[in-house]
Trainee: 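Sharing a structure, written as structure tokens. Questions coming.
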Amino acid sequence: MLDLRWILSHREEMEACLKNRHHDFDLNILASLDEERRKIIGQTEELKARRNEGSRRVGAAKKAGEDASPLMEDIRRMGDEIKALDDKLAKVEETLHGHLMTLPNRLSETTPVGNDENDNPVVRTWGTPGEFSFEPKPHWDIAEALGIMDFEKGVMLAQSRFTVLKGLGARMERALIAFMLDLHTKKHGYTEVEPPFMVRSAILEGTGQLPKFAEDLYKIENEDLWLIPTAEVPLTNLQRETILDESALPIYYTAYTPCFRREAGSAGRDVRGLMRQHQFDKVEMVKICTPETSYDELEKLTSNAEEVLQLLELPYHVVNLCSGDIGFGSAKTYDLEVWLPSQKRYREISSCSNCEDFQARRMGLRYRPADGGKVRFAHTLNGSGIAVGRTLIAVIENYQREDGSIAIPRALVP
RNA sequence: GGAGACGUGGCCGAGUGGUCGAAGGCGGUUGACUCGAAAUCAACUGAGCGGCUUGCCGUUCCUAGAGUUCGAAUCUCUACGUCUCCGCCA
């Protein structure tokens, strides 16, 4: 959520942002709702001041043994008026809040303008795709032949887009999780967290998945609980509705969790293999910091994710998401894309974003500056560190041998 | 799941329906003292919103929501949470 006053005082910038994001919205709606809101507040507060004064006089009159009933009758009528105005105000504010909650974040100046993923500039490339003396196979062929992935059993137990990992497949998934968590906690200074895998609606509103993207989420029946689509949700909300001391910042969290996504808009895409599942494992990194440091923190966060790929010796490149491709809550996002030899192209394996104060404002996450200044909203960042299932794919495909076996990355050898 | 108790500021903890944003303490900041933020003393110390003469005025907030009342931290109802006992249980 953006600050209404900021939006109204940066109309041109905001209109350009909406256009570049392909988001259609008329800002005049906000301006007129805000005007109405202020008008009602003026009226209601004046009435309340008079009521409070009147009530004080009733108390004084009763203490003095005088008859206060005419005065009480006046105040009662005032009370009815106040109630009507308060109801009206609540409706206006609800409408206003609803618009603000579905408006995307502003964009960083360093986020390029572009239409779609084809306009994302490559920032840097690491490693070179390996040369194969044979035609590299897709991971599903290799893994099924080795008996480490069972796609049919996934469908039998659940649905399409669910997979069973078995034997050394399950073990490598576990090894990758442990490897990533150890790296981020021991080397990069993150605090390991194990959060609930289900959260209530307000938590998802805090990070921006609700109210707009409910169709992407799994909801628990008869409960106000949803399965988390990413650990970003519980981790970022850990500090919601608090005012931190600046000395407590930055805060670094990391967590392994399964992630649950409906993939509602992805019909027909990546239908084979482990690439796009309704349930997948991810190690996530979250940072809470001051506005002054958030873009430096984004660079560090991204390099923390890159280090996972470097240690696994998987070729990748980094792209800067353009305005037409970037997520709803992000001001700037770097995607890490890993090389998949069977597809002969780079595929997304991590997404690192600076949300600035967009999420913090939604969840009431603030800090008190060390210089004693006014309380401010913190900045929040999140990044995959990294998607575990896709890493398993990348290892299988990049480390495959002609005989159908897979070499083990040096970093994973105990 | 059953029975009972309870939910007050960063923390602890008072609070009889009226002058309570809320005593007192702890913590924090500043000043005095000092070689020294060790001790002592003093002052200050919540957030949101609206207004304008930008420092003040007004308003809201005592878990949340609804109600009673001229007036609610205080009374009623509901939800959520915490604690104790019983039951069940990885």
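Just so you know, these numbers come straight off a predicted model, no measurement behind them.
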Trainee: Considering residues, nucleotides and ligands other than A:E35, do more than 12 of their heavy atoms fall under 6.0 Å from its CD?
Mentor: no
Trainee: With both distances kept under 3.5 Å, what pairs with B:U53, Watson-Crick or G-U wobble?
Mentor: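 Its partner: none found.
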Trainee: Using the P atom as the point on both nucleotides, what is the distance between B:A14 and B:G25, in whole Å?
Mentor: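 To the nearest whole Å, 15 Å.
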Trainee: With a 3.5 angstrom cut-off on both distances, give the Watson-Crick or G-U wobble partner of B:A73, or none if there isn't one.
Mentor: none
Trainee: Classify A:R368 by what it touches in the nucleic acid, base, sugar-phosphate, or nothing, heavy-atom distance under 4.0 Å.
Mentor: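 It contacts sugar-phosphate atoms only.
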Trainee: Decide yes or no on side chain to side chain donor-acceptor pair (under 3.5 Å) for A:T290 and A:E246, but give the supporting numbers first.
Mentor: CA-CA 8 Å; A:T290 62; A:E246 183 173 343; 5.3 Å; no
Trainee: Is any side-chain N of the basic residue among A:D86 and A:K48 closer than 4.0 Å to the acidic one's carboxylate O?
Mentor: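 Yes, this pair counts.
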Trainee: The side chain of A:K83 lies closest to which of these nucleotides: B:U60, B:A47, B:G67?
Mentor: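 Taking heavy atoms from C-beta onward, the closest nucleotide is B:G67.
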Trainee: Sticking with atom C1', work out how far B:U63 lies from B:C80, rounded to a whole angstrom.
Mentor: 8 Å
Trainee: Does B:C26 have a Watson-Crick or wobble mate here (both distances under 3.5 Å), and if so which one?
Mentor: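 For B:C26, the partner nucleotide comes out as B:G10, under the 3.5 Å rule.
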Trainee: I'd like the C1' distance from B:G46 over to B:G9, given in whole Å.
Mentor: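 The answer is 6 Å between these two C1' atoms.
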Trainee: Whole angstroms only, please: what is the CG-P distance between A:D224 and B:A64?
Mentor: 18 Å
Trainee: For B:G71, does either OP1 or OP2 sit under 4.0 Å from a side-chain N or O belonging to A:N52?
Mentor: no
Trainee: Only pairs with both distances under 3.5 Å count, Watson-Crick or wobble alike; so what is the partner of B:A5 in this structure?
Mentor: B:U82
Trainee: Expressed in angstrom and rounded to an integer, what is the separation of A:L225 atom CG from B:C80 atom P?
Mentor: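 The distance from CG of A:L225 to P of B:C80 comes to 12 Å, rounded to the nearest Å.
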Trainee: Is the centre of the A:F25 ring less than 6.0 Å from the centre of the A:H99 ring?
Mentor: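 Between A:H99 and A:F25, which both carry aromatic rings, the centre distance is below 6.0 Å.
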Trainee: Salt-bridge test for A:E94 and A:K91: reply yes if a basic N is under 4.0 Å from a carboxylate O, no otherwise.
Mentor: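 No.
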Trainee: Roughly how many Å apart are B:C88 and B:A23, using the P atom of each and rounding to a whole number?
Mentor: 49 Å
Trainee: Should the pair A:F213 and A:F328 be assigned to parallel (<30°), tilted (30 to 60°) or perpendicular (>60°) ring geometry?
Mentor: perpendicular
Trainee: Mind listing the N/O atom pairs, protein and nucleotides 17-19 of chain B, below 3.5 Å?
Mentor:
from  : atom 1 : to    : atom 2 : distance (Å)
B:G18 : N2     : A:S55 : O      : 2.7
B:U19 : O4     : A:K63 : NZ     : 2.4

Trainee: Decide, yes or no, whether a salt bridge links A:D34 with A:R37 under the criterion of side-chain N to carboxylate O below 4.0 Å.
Mentor: yes
Trainee: What is the separation between atom CG on A:D80 and atom C1' on B:U69, rounded to the nearest whole Å?
Mentor: 13 Å
Trainee: Can you tell me how far C1' in B:G65 sits from the matching atom in B:G81, rounded to whole Å?
Mentor: 15 Å
Trainee: What's the NZ-P distance between A:K48 and B:A72, to the nearest Å?
Mentor: 11 Å
Trainee: Specify the separation, in whole Å, of atom CZ of A:R376 and atom P of B:G48.
Mentor: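 Answer to the nearest Å: 13 Å.
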Trainee: Given B:U59, is OP1 or OP2 found less than 4.0 Å from the side-chain N or O atoms of A:R51?
Mentor: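 A:R51 to B:U59 OP1/OP2: no side-chain N or O under 4.0 Å.
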Trainee: For residues A:S351 and A:D335, is any side-chain donor paired with an opposing acceptor at under 3.5 Å?
Mentor: yes
Trainee: Across all strands, who's sitting opposite B:C33 as a Watson-Crick or G-U wobble pair, both distances under 3.5 Å?
Mentor: none
Trainee: Now, which nucleotide makes the Watson-Crick or G-U wobble pair with B:C61, with each of the two distances under 3.5 Å?
Mentor: B:G46
Trainee: Looking only at atom P, what distance separates B:U29 and B:A38, rounded to whole Å?
Mentor: 12 Å
Trainee: Quick one: do A:E292 and A:R376 make a salt bridge, cutoff under 4.0 Å?
Mentor: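 Salt bridge flag = yes for A:R376 with A:E292.
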Trainee: Between B:C85 and B:C49, how far apart are the two P atoms, rounded to whole Å?
Mentor: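 Roughly 45 Å separates the two P atoms.
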Trainee: Quick check for you: among B:G58, B:A47, B:C70, whose closest atom lies nearest to any side-chain atom of A:A49?
Mentor: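 Selected nucleotide (nearest to the side chain): B:G58.
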Trainee: Do other residues, nucleotides or ligands put more than 12 heavy atoms under 6.0 Å from the CG atom of A:D24?
Mentor: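 No - once you tally the heavy atoms of other residues, nucleotides and ligands closer than 6.0 Å, there are 12 at most.
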Trainee: Strictly by Watson-Crick or wobble contacts shorter than 3.5 Å, is anything paired with B:A38, and which nucleotide is it?
Mentor: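 The answer is none; no pair meets the criterion.
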Trainee: Mind checking who B:C89 pairs with, Watson-Crick or G-U wobble, both distances under 3.5 Å?
Mentor: none
Trainee: Using heavy-atom distances to pick each residue's nearest nucleotide on RNA chain B, tell me which of A:T44 and A:I75 is more 5'.
Mentor: A:T44
Trainee: How many Å lie between CZ on A:R76 and C1' on B:U68, as a whole number?
Mentor: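 After rounding, the gap between these two atoms is 12 Å.
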Trainee: Could you run down the sub-3.5 Å N/O contacts of the protein with nucleotides 49-52 of chain B?
Mentor:
from  : atom 1 : to    : atom 2 : distance (Å)
B:C49 : OP1    : A:R5  : NH2    : 3.2
B:C49 : O3'    : A:R37 : NH2    : 2.8
B:G50 : OP1    : A:R37 : NH2    : 3.0
B:G50 : OP2    : A:R5  : NH1    : 3.4
B:G51 : OP1    : A:R38 : NH1    : 3.0
B:G51 : OP2    : A:R38 : NH1    : 3.1

Trainee: Using atom P of each nucleotide, how far apart are B:C44 and B:G48 to the nearest Å?
Mentor: 22 Å
Trainee: To the nearest Å, give me how far apart CD (A:E46) and P (B:G58) are.
Mentor: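 For the pair A:E46 CD and B:G58 P, the rounded distance is 13 Å.
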Trainee: How long is the line joining CD1 of A:I82 and C1' of B:A72, in whole Å?
Mentor: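 One finds 15 Å between C1' of B:A72 and CD1 of A:I82, rounded.
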Trainee: Check the orientation of A:H188 and A:Y190. Use parallel for under 30°, tilted for 30 to 60°, and perpendicular for over 60°.
Mentor: perpendicular
Trainee: Just checking, A:R262 and A:Y218: is the charged tip under 6.0 Å from the six-membered ring centre and within 45° of the axis?
Mentor: yes
Trainee: On RNA chain B, does the nearest nucleotide to A:I243 precede the nearest nucleotide to A:E53 from the 5' side, or the other way round? Give the residue.
Mentor: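 Its nearest nucleotide lies further toward 5', so the answer is A:I243.
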